[in-house]
Amino acid sequence: MTSLSTLSDLSERMHRLIRAINDRNINAKPGKMAPKIYTMKEAEPLIGRKYHTIRAAEKEGRLQPRETLADGRRTGYTLADINRAREVFGTRLRRGAGDDPIRIAVSNVKGGSAKTTTTVHAAQYLAEHGLRVLLVDCDPQASSTAAFGYVPDDDVNVSNTLLPLLDGEQSSLAYAIRETYWDSLDLIPSNLMLYNAEYGLAVEANKNPTALLRLLLGLQSIEQNYDVILLDPPPALGMISLSVMQAANALVVPTPPALYDIFSTRAFFSMLVEVVETLQRHFGEVDYKFVRLLVTRLDMNSETQQQLVELLPEVMGNTLMRHSVTKTAALDRAGMYGRSLYEVLPDSVPLKTWKRAVNHFNKANEELLLLIRQSWHSHAEVLREEGLL
Ligand SMILES: Nc1ncnc2c1ncn2[C@@H]1O[C@H](COP(=O)(O)OP(=O)(O)OP(=O)(O)O)[C@@H](O)[C@H]1O
Ligand SMILES: [Mg+2]
């Protein structure tokens, strides 16, 4: 066998493996997992109303009543039900008419620094809290796309990725948006062919730097329908990432607190300074509403990591998110079932491990939600009253 045929055989086998794992996890069509069901106890705080008020609205016909099952229990709520209830009670979180949609790049040049994990969990958390979210998979590795139940190279056609926009064939991104099984969480998927955009843009941007504005303009053409757009770029400062840095108006940089990761993150910031200087020379000021370092995959058993994390606030000040995300086996277990921590089914992960992990993701995401709301003028008064501004 030649090396080429060995490699192509390996690639084909890996593909079959991924297909088999995905087929085991997804019982329905690609990207169509059953939506999460919330109990009344879980739904109450999300709706922002107590049981009695929700029940009263159901009895009055303002809300669709729950069905009663044979065992006397009532069916739960989907996020779509919760959002309908929020609309009825006026409790849905929203940006105001004068507030800018937030376009957050979750970036780091270092591979495996938990960009996708951070993006997917943030998108689901923010959607669960009522925001209209768009997740844009900007990475040819397409991990975010896979997280929503697709085998990217089978289930996604390249014409539905960012490629036509980045190639200049399309000017609006409307063609690429697809709903997910999470209410108010849409996805622009990716697949391996998106890699072609790196070459295309590199050649073109040389003569025509405005090619780097295509992502920004494409997002601006559809952002009126969203509160938050999350961008998951590839782990390199290539042309796609440059477009992402230009398109974003906020930046979250996840990094594990290990020495090599910190070195890479430092290198990322140095490169970023140059990139932003170049972008500013061409297109005017790049103005991020917030820039935050997020410590992820913190190993609680590592003394050196603990020491590093203690040192970080002193050095980083308020550019560091106060809450770190710990390393957890729960993520691996959930991932084997094609799910995030917010989707995992009971019994697939030990309850205590899952609760601890979710708590850490919730804390970081709550902080992110606050940063988003702090950048919206229409939320200023409420936040001030709550002492959060
Ligand atoms: N808190 C965590 N605990 C345990 N494992 C984690 C945690 N966060 C991420 N991981 C794991 O680390 C690996 C890399 O994470 P992820 O894919 O999110 O990184 P990435 O930065 O998007 O990678 P890439 O640079 O390839 O796009 C994955 O296997 C993921 O499940
Ligand atoms: Mg990734």
Side-chain angles (χ1 to χ4, degrees), residues 21 104-126 139 141 143-144 146-147 230 232-236 251-272 290-371:
I21 294 171
I104 306 171
V106 182
S107 296
N108 195 332
V109 77
K110 172 89 177 177
S113 54
K115 295 179 287 298
T116 300
T117 307
T118 305
T119 310
V120 168
H121 285 81
Q124 294 178 349
Y125 178 93
L126 296 172
D139 184 355
Q141 294 181 96
S143 311
S144 285
L230 286 153
D232 180 16
L251 183 58
V252 171
V253 181
T255 181
L259 205 55
Y260 290 142
D261 294 284
I262 297 281
F263 283 171
S264 297
T265 304
R266 157 79 176 90
F268 172 64
F269 278 116
S270 315
M271 288 187 263
L272 207 53
F290 55 84
V291 178
R292 289 290 185 284
L293 194 71
L294 169 67
V295 171
T296 58
R297 271 189 21 214
L298 163 63
D299 185 351
M300 299 300 267
N301 295 320
S302 157
E303 226 173 273
T304 40
Q305 289 205 7
Q306 297 263 23
Q307 284 168 1
L308 199 58
V309 162
E310 277 166 30
L311 182 72
L312 277 173
E314 213 178 284
V315 184
M316 304 304 297
N318 65 3
T319 57
L320 180 72
M321 286 186 63
R322 283 183 300 115
H323 295 99
S324 308
V325 174
T326 51
K327 185 172 169 184
T328 171
L331 209 53
D332 233 15
R333 291 282 282 275
M336 273 315 285
Y337 296 95
R339 291 168 197 270
S340 75
L341 288 177
Y342 291 131
E343 302 173 320
V344 83
L345 297 174
D347 303 339
S348 24
V349 178
L351 190 64
K352 215 168 129 192
T353 315
W354 174 80
K355 274 191 169 165
R356 202 181 310 133
V358 164
N359 188 37
H360 277 106
F361 274 89
N362 278 347
K363 284 268 163 51
N365 285 327
E366 192 185 334
E367 203 178 328
L368 182 64
L369 175 56
L370 182 60
L371 285 167

Worksheet item: Any side-chain donor paired with an acceptor under 3.5 Å for Thr116 and Asp232?
Response: yes
Discussion item. With no hydrogens and no angle check, just 3.5 Å: does a side-chain donor-acceptor pair link Asn108 and Thr265?
Written reply: yes
Any chance you could measure [X], atom [atom1], to [Y], atom [atom2], to the nearest 0.5 Å?
{"X": "Ser143", "Y": "Lys115", "atom1": "OG", "atom2": "NZ", "value": "9.0 Å"}
{"X": "Lys327", "Y": "Asp299", "atom1": "NZ", "atom2": "CG", "value": "5.0 Å"}
{"X": "Leu331", "Y": "Arg333", "atom1": "CG", "atom2": "CZ", "value": "12.5 Å"}
{"X": "Leu293", "Y": "Leu251", "atom1": "CG", "atom2": "CG", "value": "9.5 Å"}
{"X": "Arg322", "Y": "Leu294", "atom1": "CZ", "atom2": "CG", "value": "12.5 Å"}
{"X": "Arg266", "Y": "Lys110", "atom1": "CZ", "atom2": "NZ", "value": "16.0 Å"}

Using side-chain heavy atoms (C-beta onward) and a distance below 4.5 Å, is [X] in contact with [Y]?
{"X": "Gln141", "Y": "Pro235", "result": "yes"}
{"X": "Leu341", "Y": "His121", "result": "yes"}
{"X": "Val253", "Y": "Phe269", "result": "yes"}
{"X": "Trp354", "Y": "Thr328", "result": "no"}
{"X": "Leu230", "Y": "Val106", "result": "yes"}
{"X": "Arg292", "Y": "Leu371", "result": "yes"}
{"X": "Tyr125", "Y": "Val120", "result": "no"}
{"X": "Val325", "Y": "Val295", "result": "no"}

Worksheet entry | Passing option when His360 is tested against Thr326, Thr296, Asn365 for side-chain contact (heavy atoms from CB on, under 4.5 Å) | Thr326
Discussion item. If you count every heavy atom of other residues, nucleotides or ligands that lies below 6.0 Å from Tyr337 atom OH, does the total exceed 12?
Written reply: no
Worksheet item: More than 12 non-hydrogen atoms from neighbouring residues, nucleotides or ligands closer than 6.0 Å to CE on Met316, yes or no?
Response: yes
Please answer whether the main-chain N or O of [Y] pairs with a side-chain N or O of [X] as donor and acceptor at a distance below 3.5 Å.
{"X": "Ser264", "Y": "Tyr260", "result": "yes"}
{"X": "Gln305", "Y": "Met300", "result": "no"}
{"X": "Glu343", "Y": "Ser340", "result": "yes"}

[X] and [Y]: which non-hydrogen atoms are nearest, and at how many Å?
{"X": "Ser324", "Y": "Leu298", "answer": "CB-CD2, 4.1 Å"}
{"X": "Ala330", "Y": "Val349", "answer": "CB-CG1, 3.6 Å"}
{"X": "Pro254", "Y": "Thr118", "answer": "CB-OG1, 3.9 Å"}

Fill in: Stepwise side-chain contact (heavy atoms from CB on, under 4.5 Å) test for Thr304 and Leu308
CA-CA 6 Å; Thr304 40; Leu308 199 58; over 6 Å; no
Fill in: Geometric class of the Tyr342/Phe361 ring pair [parallel <30°, tilted 30-60°, perpendicular >60°]
perpendicular
Discussion item. Using the rule given for side-chain contact (heavy atoms from CB on, under 4.5 Å), can you reason through Ile104 versus Phe290, listing the C-alpha separation, both sets of side-chain angles and the distance that settles it, and then say yes or no?
Written reply: CA-CA 9 Å; Ile104 306 171; Phe290 55 84; 4.1 Å; yes
